[in-house]
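When a residue number appears, it is its place in the shown sequence, counting from 1. Atoms considered below: every heavy atom in the structure, side chains included; atoms not considered: hydrogens, waters and symmetry mates.
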Amino acid sequence: MPASLSTARLSASDRAESWHEAVSHAFVPMAVDLLEEVPSPGAIVGHQLGPIRILRVQAGPQVVTRTRRMLADDGPPSLILSLQERGRALKEQDGRESLIRPGEFSFTDTSRVFRKKIEEGFVFTSFHFPRAELDVSERDLRALTATPFSGAEGSAALVATYFSRMAREARVLDEAVGRRAATTALDLLALLVDDRSVRSRRQAPRSTASLERVKDHILRNLHDPDLRPSTIAEANFMSVRFLHKLFHLEDTTVSSWIRAQRLERCSRDLLRPVAAELGIAGIARRWGFANSSHFSRAFRAAYGMPPRDWQLGNNPAR
């Protein structure tokens with residue numbers, strides 16, 4: 001039987017709290033920030049087919065965020081596939097930021113932090129299921145979160161067509177047929193993930209060369225505190241999205257790699273004569289850390305001690 005919820009009959013002042021509870025109950029605990037002064041009515045209609053919970057969501061502009069704190073007390077990891085029907089969604093996860101347009105779909109992994117912002121009225125249909133039900137590697141799956149898939153061709157078209165039809169027919173399918181339909185859906189998803197992974201491996205030689213070129217550019221500009229993905233991508237004549245994909249080949253992010261390189265050079269300089277001239281704050285600035293407090297926190301996280309203790313404990317001249 002379908003389950004439904006609507007805030008249409010609530011006063012505008014009660015909609016925000018009710019909607020927050022509804023979203024967290026239907027999906028996973030999330031922070032919800034409505035972007036309208038007077039919130040539009042929202043509605044969620046759900047069906048269950050085997051392990052897949054199908055939810056059609058309609059509401060006004062909002063931002064939903066899954067924070068690190070919310071991960072601590074949650075249950076087994078799950079995945080959400082969302083088919084965007086109306087409105088555009090800006091999704092962020094695993095170092096990627098992508099715009100999902102109507103007719104496209106995307107993955108979200110609820111076991112990690114994510115954010116979705118929609119600045120207009122929207123409709124989407126989501127398919128929420130346990131991570132264990134999808135037989136693909138963690139590395140292959142992580143490479144595809146917050147990535148837009150077009151339902152126009154190839155394996156993505158098979159997924160979009162089947163999932164969309166399954167959602168439309170969910171209310172008339174009996175329990176046994178529903179379980180079989182869900183099994184077929186998850187097999188198609190695994191096919192899509194495997195297909196994209198094979199393509200990525202074929203592109204590896206070209207991507208490796210591009211990655212080395214980008215790394216060289218970063219190392220030559222580590223001193224620049226404004227070094228960021230957008231400027232790096234522009235300087236190397238590529239999209240920000242492709243830049244992020246390059247670093248996912250090594251299971252890292254652009255920002256993490258930059259930070260690690262800067263910290264490594266700071267750790268070296270702290271043990272050299274230049275430290276007496278520049279001081280800890282000067283060395284941090286030399287390698288692109290504009291904020292001393294941020295540098296100290298990052299250094300402690302990476303090396304297990306503050307910069308001063310590192311300097312005193314590793315410098316044989318002292």
Side-chain angles (χ1 to χ4, degrees), residues 2-47 53-67 70 79-110 112-128 144-153 156-157 159-161 163-168 170 229-230 233 239-241 244:
S4 62
L5 176 141
S6 173
T7 63
R9 295 186 177 182
L10 298 177
S11 66
S13 59
D14 291 336
R15 283 176 185 164
E17 182 177 356
S18 177
W19 186 249
H20 178 274
E21 293 177 359
V23 169
S24 292
H25 177 73
F27 293 94
V28 290
M30 290 184 282
V32 181
D33 182 16
L34 301 181
L35 302 180
E36 297 174 300
E37 186 174 345
V38 179
S40 299
I44 301 176
V45 179
H47 302 270
R53 185 162 72 253
I54 303 173
L55 299 166
R56 190 171 191 270
V57 183
Q58 180 173 353
Q62 59 190 265
V63 180
V64 296
T65 307
R66 176 92 158 143
T67 65
M70 294 173 178
L79 302 174
I80 301 173
L81 182 146
S82 297
L83 287 169
Q84 199 71 23
E85 299 175 33
R86 192 173 78 223
R88 297 174 299 171
L90 185 65
K91 300 187 74 171
E92 302 173 34
Q93 189 169 45
D94 294 329
R96 282 182 294 278
E97 179 180 277
S98 299
L99 188 65
I100 315 299
R101 298 173 175 83
E104 297 179 333
F105 65 90
S106 59
F107 287 107
T108 301
D109 190 330
T110 67
R112 296 191 297 281
V113 171
F114 65 82
R115 182 175 183 267
K116 179 165 72 172
K117 182 177 184 180
I118 309 179
E119 296 184 297
E120 54 195 319
F122 66 88
V123 178
F124 67 78
T125 300
S126 70
F127 304 82
H128 191 181
L144 298 179
T145 52
T147 297
F149 291 89
S150 170
E153 60 181 2
V159 169
T161 301
F163 274 70
S164 181
R165 186 60 183 266
M166 184 174 67
R168 290 198 299 270
S230 59
S239 68
V240 174
R241 180 183 170 194
H244 285 305

To the nearest 0.5 Å, what is the distance between CG (L90) and OG (S98)?
->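 Interatomic distance, L90 CG to S98 OG, rounded to 0.5 Å: 8.0 Å.
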What distance separates F124 CZ from L55 CG, expressed to the nearest 0.5 Å?
-> 8.0 Å
Hits for side chain to side chain donor-acceptor pair (under 3.5 Å) against H128, two or more places apart or cross-chain, chain-then-number order -> R53, S78
Taking side chain to side chain donor-acceptor pair (under 3.5 Å) as the test, write out the residues that go with T7, two or more places apart.
->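 Checked T7 against side chain to side chain donor-acceptor pair (under 3.5 Å); zero matches.
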Who are the salt bridge (Lys or Arg N to Asp or Glu O under 4.0 Å) partners of R168, not counting sequence neighbours?
-> none
Just jot down the salt bridge (Lys or Arg N to Asp or Glu O under 4.0 Å) partners of K117, sequence neighbours excluded, or say none.
->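 Salt bridge (Lys or Arg N to Asp or Glu O under 4.0 Å) list for K117, sorted by chain: E119.
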Salt bridge (charged side-chain N to carboxylate O under 4.0 Å, His left out) contacts in which one or both residues fall within residues 97-109, not counting sequence neighbours =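 Qualifying pairs: D109-R112.
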Mind checking what makes side chain to side chain contact (heavy atoms under 4.5 Å, CB included) contact with E36, not counting sequence neighbours?
->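 For E36, the residues satisfying side chain to side chain contact (heavy atoms under 4.5 Å, CB included) (neighbours in sequence not counted) are S40, P61.
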Heavy atoms from other residues, nucleotides or ligands near CZ of R88 exceed 12 (cutoff 6.0 Å) =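 Result for CZ/R88: open.
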So does R56 have more than 12 non-hydrogen atoms from other groups sitting under 6.0 Å from CZ?
->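 Counting neighbours around CZ of R56, 12 or fewer heavy atoms of other residues, nucleotides or ligands fall under 6.0 Å, so no.
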Worked verdict on L83 versus S164 for side-chain contact (heavy atoms from CB on, under 4.5 Å) | CA-CA 8 Å; L83 287 169; S164 181; 4.2 Å; yes
Is a donor on one side and an acceptor on the other found under 3.5 Å between the side chain of R66 and the backbone of P29?
->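 Yes, R66 side chain to P29 backbone: donor-acceptor pair under 3.5 Å.
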Report yes or no: does T161 contribute a side-chain atom to a donor-acceptor pair with the main-chain N or O of A157 at less than 3.5 Å?
->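 Flag set: sc T161 to bb A157 pair under 3.5 Å.
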Side chains of S11 and S13: is there a donor and an acceptor less than 3.5 Å apart?
-> yes
Before giving the answer on ring-ring contact (aromatic ring centres under 6.0 Å, His included), spell out for F163 and F105 the whole-Å C-alpha distance, their side-chain angles and the decisive distance to 0.1 Å.
-> CA-CA 10 Å; F163 274 70; F105 65 90; 7.7 Å; no
